[in-house]
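One structure below.
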Amino acid sequence: MSMKGYSFTFVSFLLSRSPLKGHTMISSMTTCQILLLLISVLAGFIILMASENFIKFPSVLIPSTTGHHLDTCRKSSCPEIPLRTATEPTETDLKIKKIIEHLDHQIPHRPFSHISTTTSAAHSVARIINPRTTYCKGDQLDIHLEARDYLGRRKEYGGDFLRARISSPDLKAGASGKLTDFNNGTYLVSFTLFWAGNVSVSLLLIFPSEGVSALWRARNRGYGKVTFMGQFVNGKSQVLSECGLVLNTSAELCQYLDLRDQEAFYCVKPTYVSCDALTHMKTKNNEVSYLSIKEKNLLHKYDADIEIIREFEHIMVSYCNNVETVKEKCQIGMKSPIPSGYSLQEKWNPAFCKLTQLSNVTEINNCLKGKLIYLMGDSTLRQWIKYLSKFVKTLKYFDHHGSGPFEKHVLLDAQRQIYIQWKKHGLPFVTNQIYTLKDHEYITREIDRVAGDRNTVIVITLGQHFRLFPIDIFVRRVINIQKAIRRLFLRSPDTRVILKSENLREMHMDPSQAVNFHGYIQYLIMRDIFWDLNVGFIDAWDMSIAYDSKILHPPDNVIGNQINMFLNYIC
């Protein structure tokens with residue numbers, strides 16, 4: 001209620017209890033005295049209401065037709081963590097808490113007194129368990145890894161961030177390995193020998209357990225690594241203002257809220273400009289780190305791929321006249337194991353199903369005919385629409401009158417009734433290039449608007465833009481997307497949904513930023529939360545390792561194989 005409303009109610013209450021016509025305690029007062037008394041009481045009440053020490057009324061939330069909410073607030077009523085309006089923990093809150101508690105248990109705090117007591121790749125040793133002269137295609141190769149520190153002593157606990165890979169460069173073949181951590185300084189590294197030939201083994205120490213512990217603790221300490229700058233329209237000019245998931249300021253704020261999903265974003269309100277006038281956004285990375293100097297020194301020591309010492313050379317793998325198992329065609333709902341497959345002659349081969357290579361434009365057009373395809377996510381999924389536009393010439397861009405690489409992209413083939421759309425996911429979206437917010441929506445709201453049917457396909461990926469923020473932001477988003485998919489399946493069970501995991505990115509980067517360890521944790525969370533849904537899964541993380549791709553945007557041969565698996569799921 002407004003201040004005017006409160007004032008009117010208070011005065012009416014006094015007048016209703018003043019027997020002006022009787023001979024009571026006011027009978028000796030003149031009318032002027034009564035009016036002066038009321039004015040004095042009213043003035044005092046207004047002064048009390050204006051005082052910050054009297055009471056703080058909550059902001060009034062103004063709902064909009066899109067399901068988002070907009071308001072302004074001051075520091076006294078704006079939290080320093082993302083807004084959660086429910087007084088009691090919701091079911092989602094409890095799920096997030098459980099997931100984070102589990103991760104805290106899996107990544108315990110590992111303090112260290114000196115770098116010499118941390119894991120050393122040069123001193124650690126890998127040995128083949130029950131070695132043989134030759135192996136057969138399909139066999140399993142097991143390796144025992146013993147982690148040691150720089151003094152040569154075996155570590156007493158696990159938690160090292162490792163990468164295991166086998167490859168045959170001449171065959172353009174590669175696959176990841178499965179790691180089992182016994183939490184006592186030893187690991188089991190298991191490889192499936194998917195192909196015959198001369199196979200090399202690579203075991204990389206990316207971060208020692210002490211560094212992993214530091215990265216996990218630092219990630220969840222704050223939001224200061226990124227500054228968002230919002231652009232507001234003010235007449236014919238633009239005004240820039242600081243924005244973010246959290247803003248620690250006493251200035252008046254615009255709140256952009258999704259109350260159902262408990263998603264929040266804030267901007268400092270520009271003077272004399274409406275919160276509704278926010279149109280664009282860009283970001284900049286800050287030189288902010290939540291790591292101690294000692295932790296930084298430790299992590300910078302591991303800014304290169306460090307091979308763990310192996311007591312063996314190449315592995316010879318033969319066919320051995322084995323009969324290959326006939327696998328079922330890849331279908332939505334199949335569960336993807338770890339490792340999920342391998343590359344051979346640059347073609348991706350899932351371990352759990354059979355792929356048909358759709359290698360020409362006619363086959364791809366026949367597959368896509370009559371389909372509505374919605375690609376929702378980051379620029380690694382935007383690569384799909386760029387790849388298809390180059391490879392399938394009948395697909396033409398539709399101009400949405402936008403600008404920049406993050407505008408909505410649409411490919412059309414009117415003759416075959418093919419519609420393919422890419423749209424960026426909702427905030428946080430991190431890039432120094434300005435992008436529009438005029439059509440901003442969270443993926444959950446985009447899914448809610450899809451009617452869905454047997455010829456509708458949704459592909460989702462997210463993760464890269466979340467690595468710079470505390471993990472609960474990502475977990476909440478993934479849970480909300482899972483709920484939206486369940487709602488979609490209730491109204492349109494024939495709609496097909498495919499998830500593409502995030503992929504690896506550059507290995508040599510500032511450990512305070514979006515390193516692959518953070519992406520790996522998100523990859524595991526995504527697999528777990530979506531495990532029981534009837535969806536397709538494209539394991540871009542595993543494919544990155546198999547193809548030895550260490551860049552944010554993989555080359556066309558990797559993108560082509562992702563798309564081929566997608567086409568097999570929908571055709």
Side-chain angles (χ1 to χ4, degrees), residues 137-138 165-176 192-197 199 317 319 322-337 339-371 373 375 380-395 411 413 416 418 420 455 457 459 461 496-501 503 535-549 553-571:
K137 178 185 173 185
R165 179 176 183 264
I166 53 173
S167 63
S168 295
D170 292 344
L171 299 173
K172 298 179 181 178
S176 68
T192 300
L193 301 173
F194 289 111
W195 63 87
V199 175
V317 182
Y319 284 103
N322 58 350
V323 179
E324 198 163 325
T325 304
V326 178
K327 291 182 286 190
E328 189 179 355
K329 178 187 178 299
C330 296
Q331 299 179 49
I332 283 178
M334 289 181 168
K335 303 306 177 187
S336 175
S340 65
Y342 64 99
S343 65
L344 180 62
Q345 299 299 344
E346 292 194 344
K347 300 298 182 184
W348 181 248
N349 299 271
F352 59 98
C353 62
K354 181 181 179 180
L355 276 186
T356 300
Q357 294 297 326
L358 301 178
S359 54
N360 61 62
V361 174
T362 300
E363 290 175 329
I364 294 174
N365 270 329
N366 289 338
C367 175
L368 295 176
K369 186 176 181 179
K371 300 287 195 306
I373 298 170
L375 308 178
T380 65
L381 197 54
R382 185 191 60 190
Q383 285 185 273
W384 284 24
I385 209 164
K386 288 191 170 184
Y387 180 93
L388 286 168
S389 69
K390 289 189 296 184
F391 191 72
V392 184
K393 301 299 184 182
T394 53
L395 290 169
L411 289 179
D413 182 339
R416 296 174 180 83
I418 301 171
I420 305 175
N455 286 318
V457 185
V459 186
T461 191
R496 283 171 279 193
V497 177
I498 297 164
L499 305 172
K500 183 188 83 68
S501 74
N503 50 264
V535 298
F537 187 68
I538 297 175
D539 196 335
W541 185 273
D542 200 40
M543 293 175 76
S544 295
I545 297 174
Y547 285 97
D548 201 24
S549 173
H553 298 109
D556 276 356
N557 68 311
V558 178
I559 299 302
N561 279 283
Q562 292 176 0
I563 291 174
N564 187 67
M565 190 164 186
F566 157 73
L567 295 173
N568 273 257
Y569 273 137
I570 68 172
C571 299

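Positions are given from 1, in the same order as the sequence printed here. Keep in mind that what you see is a predicted model, and the values were worked out from it rather than measured.
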Applying side-chain contact (heavy atoms from CB on, under 4.5 Å), can you list everything that pairs with K386, at least two apart in sequence or on another chain?
R382, Y397

Sequence neighbours excluded, which residues qualify as side chain to side chain donor-acceptor pair (under 3.5 Å) partners of D556?
K390

Hey, is the main chain of N366 close enough, under 3.5 Å, to the side chain of R416 for a donor-acceptor pair?
no

Quick check against the 3.5 Å criterion: does S501 have a side-chain atom that pairs as donor or acceptor with the backbone of A540?
yes

Stepwise side chain to side chain contact (heavy atoms under 4.5 Å, CB included) check, K371 with N455
CA-CA 5 Å; K371 300 287 195 306; N455 286 318; 4.0 Å; yes

For G138 and T192 the tightest heavy-atom approach is O-CG2, 4.4 Å

Residues pairing under salt bridge (Lys or Arg N to Asp or Glu O under 4.0 Å) where one sits in residues 560-571, two or more places apart or in two chains, turn out to be none

From N561 atom CG to Q357 atom CD, the distance as rounded to the nearest 0.5 Å:
6.5 Å

Heavy-atom side-chain proximity of L368 to I420 below 4.5 angstrom
yes

May I have all residue pairs that pass salt bridge (Lys or Arg N to Asp or Glu O under 4.0 Å) and include part of residues 351-363, sequence neighbours excluded?
none

List the residues meeting ring-ring contact (aromatic ring centres under 6.0 Å, His included) with W384, not counting sequence neighbours, and say none if there are none.
F566

What residues form a side chain to side chain donor-acceptor pair (under 3.5 Å) with N365, not counting sequence neighbours?
T394

Is the shortest side-chain heavy-atom distance between Y569 and R496 below 4.5 Å?
no

Would you check if Q345 and L171 make a side-chain contact, meaning some heavy-atom pair closer than 4.5 Å?
yes

Measure across P350 and C330 and return the closest heavy-atom pair with its distance rounded to 0.1 Å.
CG-SG, 4.0 Å

With sequence neighbours excluded, residues passing side-chain contact (heavy atoms from CB on, under 4.5 Å) with P169
S167

What heavy-atom pair brings I332 and G536 nearest, and what distance separates the two atoms?
CG2-N, 3.8 Å

Going by ring-ring contact (aromatic ring centres under 6.0 Å, His included), name the residues that satisfy it together with F194, two or more places apart in sequence or in a different chain.
Y342

Taking side chain to side chain donor-acceptor pair (under 3.5 Å) as the test, write out the residues that go with T380, two or more places apart.
D378, K500

Using modelled atom types only, decide if a donor and an acceptor are shared between the side chain of N564 and the backbone of T356 within a distance under 3.5 Å.
yes

Tell me which pairs pass salt bridge (Lys or Arg N to Asp or Glu O under 4.0 Å) where either residue lies in residues 538-547, with sequence neighbours left out.
R527-D539

K329 atom NZ, neighbour heavy-atom count above 12 within 6.0 Å:
yes

Count the heavy atoms of every other residue, nucleotide or ligand shown that sit under 6.0 Å from CZ of F352, and state whether that count exceeds 12.
yes

Indicate yes or no: at least one non-hydrogen side-chain atom of M565 is less than 4.5 angstrom from one of I498.
no

Test of understanding: with ring-ring contact (aromatic ring centres under 6.0 Å, His included), list the residues that count as partners of Y547, not counting sequence neighbours.
none

Short question: side chain of E346, backbone of K172 - any donor-acceptor pair under 3.5 Å?
no

Taking all non-hydrogen atoms of both residues into account, name the closest pair between S359 and F391 and its distance.
O-CZ, 3.6 Å

Pair V199, S168 - check side chain to side chain contact (heavy atoms under 4.5 Å, CB included), show working.
CA-CA 5 Å; V199 175; S168 295; 3.7 Å; yes

Applying side chain to side chain donor-acceptor pair (under 3.5 Å), name anything that partners Q331, two or more places apart in sequence or on another chain.
E328

Is there side-chain contact between N503 and S549, with at least one heavy-atom pair below 4.5 Å?
no

For the residue pair G370 and I418, what are the closest heavy atoms and their distance?
N-CG1, 4.2 Å

